[in-house]
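Notes for the one structure printed next.
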Amino acid sequence: MEKRNKHMNRRDFLRIVGITTVSSTAALYSCSSKEGSNKGNKALGAIPTDKMTYRSFSSLGDDKVSILGYGCMRWPTVPASDGKGDMIDQDAVNELVDYAIVHGVNYFDTSPVYVQGWSEKSTGIALKRHPRESFHIATKLSNFHPDTWNRENSIAMYRKSFKELQVDYIDYYLLHMIGGGGMEQFKKRYIDNGMIDFLVKEREAGRIRRLGWSFHGDIKVYDYALQMHDRGEVHWDFVQIQLNYIDWKHASGSNFKAEYLYNELAKRNIPVVVMEPLLGGRLSKVPDHIVARLKQREPDNSVASWAFRYAGSPEDVLTVLSGMTYMEHLQDNIRTYSPLVSLTDEETQFLYDTADLMMEYPTIPCNDCKYCMPCPYGIDIPAILLHYNKCVNEENIPDGSQDKNYRQARRAFLVGYDRSVPKLRQANHCIGCNQCSPHCPQTIDIPKELHRIDGFVEQLKQTL
């Protein structure tokens, strides 16, 4: 499979990888439970290969984009051979990409900073094995650091993406997280250095097919970028926003209400790319009573499928990105979107009511993006925050030793903590240097949360 005939048709490719439209994919790819899987989220039944929903917009020409987009921010990793950290599991990435393409996924979103700088290269290796016309690749100008704000270094980052991805054109190119740092940083990253003008010319030359941006942060920057579009200074082909049934009205941190973000794009007929439909997995790892609530309505569908149906239902959504680390997650999302059954108005309201119930649980808004990593002191920040959130959802955060089931909850938290996070990477090693917080799209005060969790752990250890 390393060399593929560019003229190979779909039937031949299905035959080579050993998949037919009637075969059970469970026989080929294990759906067994593993770390990262979630109760109520296992895919059920055969996975169709020819029923994926696609979206097209007149403003995007003849582009036909799968409603399920592959977010390449969470590729599977394995321990590095030198014992220092992790490296991308390229064989697993190849397998996931092959499976996605066979089942109709054709949009892959990456960035120079994803997976600590290795995502573009890994994604390029996997996609190079497929005909170029069979996929759309999206990547970004991720010039967050001041050293990359000057024109020369920004252009160098842009050109490196072509090399890493092994392509001679990029389908969808984004200014990355334009609201981070506010208006001053937006202008330094993209306007004062002439990068927007440069990228517009690259689009005219055909090296970029579609130009857009992703947003977290200052809403003034969001509005300003749209005003540039309105004034005819630059035409935005698409925009990527965080949208899910929590953020529609309950957005927090550096996120703004998705209702406003979406509506501003819809009235301009700008196609929407959705990121974080699961809030970094939090909408699949929900409290047990929420699981029961969703399962009562759709017992045969996963908890996650509700969030993906919600994100894909608005008519101005082009594609919904999901960072699918595990095969079972990819399979489940393919089932949800093959084809997409859009939510009814009543089902949408049901999810808004569900969101109101979930807001009663004080989880930390970590989306597991890993922008805070690596920590200079080796702390596994996302793993700590996600373990805490898991215990909140499972009601294993006792207020005191007099709580009912205190011993059971105490043991669940402490044992799970040691299993999820190696002792040398736990919160007690945080010195408060705060190198992490400025990179967090959710504006979490990471040292504060780590110290709070460490204090809670010490309290549990001392109280029987």
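These numbers come from a predicted model, not from an experiment. Positions are given from 1 along the sequence.
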Q. So which pairs with a foot in residues 433-446 pass salt bridge (charged side-chain N to carboxylate O under 4.0 Å, His left out), sequence neighbours left out?
A. none
Q) More than 12 heavy atoms of other residues, nucleotides or ligands under 6.0 Å from CG of D230: is that the case? A) yes
Q | NZ/NE/NH1/NH2 to OD/OE distance under 4.0 Å, E276 and R74 | A | yes
Whether [X] and [Y] hold their rings parallel, tilted or perpendicular, with breakpoints at 30° and 60°:
X	Y	value
Y352	W248	parallel
F350	W306	tilted
Y99	H103	parallel

(Q) Using the rule given for salt bridge (Lys or Arg N to Asp or Glu O under 4.0 Å), can you reason through K267 versus E264, listing the C-alpha separation, both sets of side-chain angles and the distance that settles it, and then say yes or no? (A) CA-CA 6 Å; K267 71 184 185 183; E264 287 299 301; 3.0 Å; yes
Q: List for me each residue that meets side-chain hydrogen bond (donor to acceptor under 3.5 Å, both in side chains) alongside D454, sequence neighbours excluded, and say none if there are none.
A: none
Q. Of all residues at least two apart in sequence or in a different chain, which pass the side-chain hydrogen bond (donor to acceptor under 3.5 Å, both in side chains) check with H250?
A. D356
Backbone N or O of [Y] within a donor-acceptor pair of the [X] side chain at under 3.5 Å?
X	Y	answer
R297	E347	no
S437	I446	yes
D247	L243	no
Y262	D316	yes
S119	C72	yes

Q | Partners meeting salt bridge (charged side-chain N to carboxylate O under 4.0 Å, His left out) with D109 (sequence neighbours left out) | A | K140
**Q.** Pairs satisfying side-chain hydrogen bond (donor to acceptor under 3.5 Å, both in side chains), at least one member in residues 62-73, at least two apart
**A.** D63-Y172, D63-R209, D63-R210, S66-N106
Q) Which residue pairs pass the side-chain hydrogen bond (donor to acceptor under 3.5 Å, both in side chains) test when at least one of the two sits in residues 376-389, sequence neighbours left out? A) Y388-R452
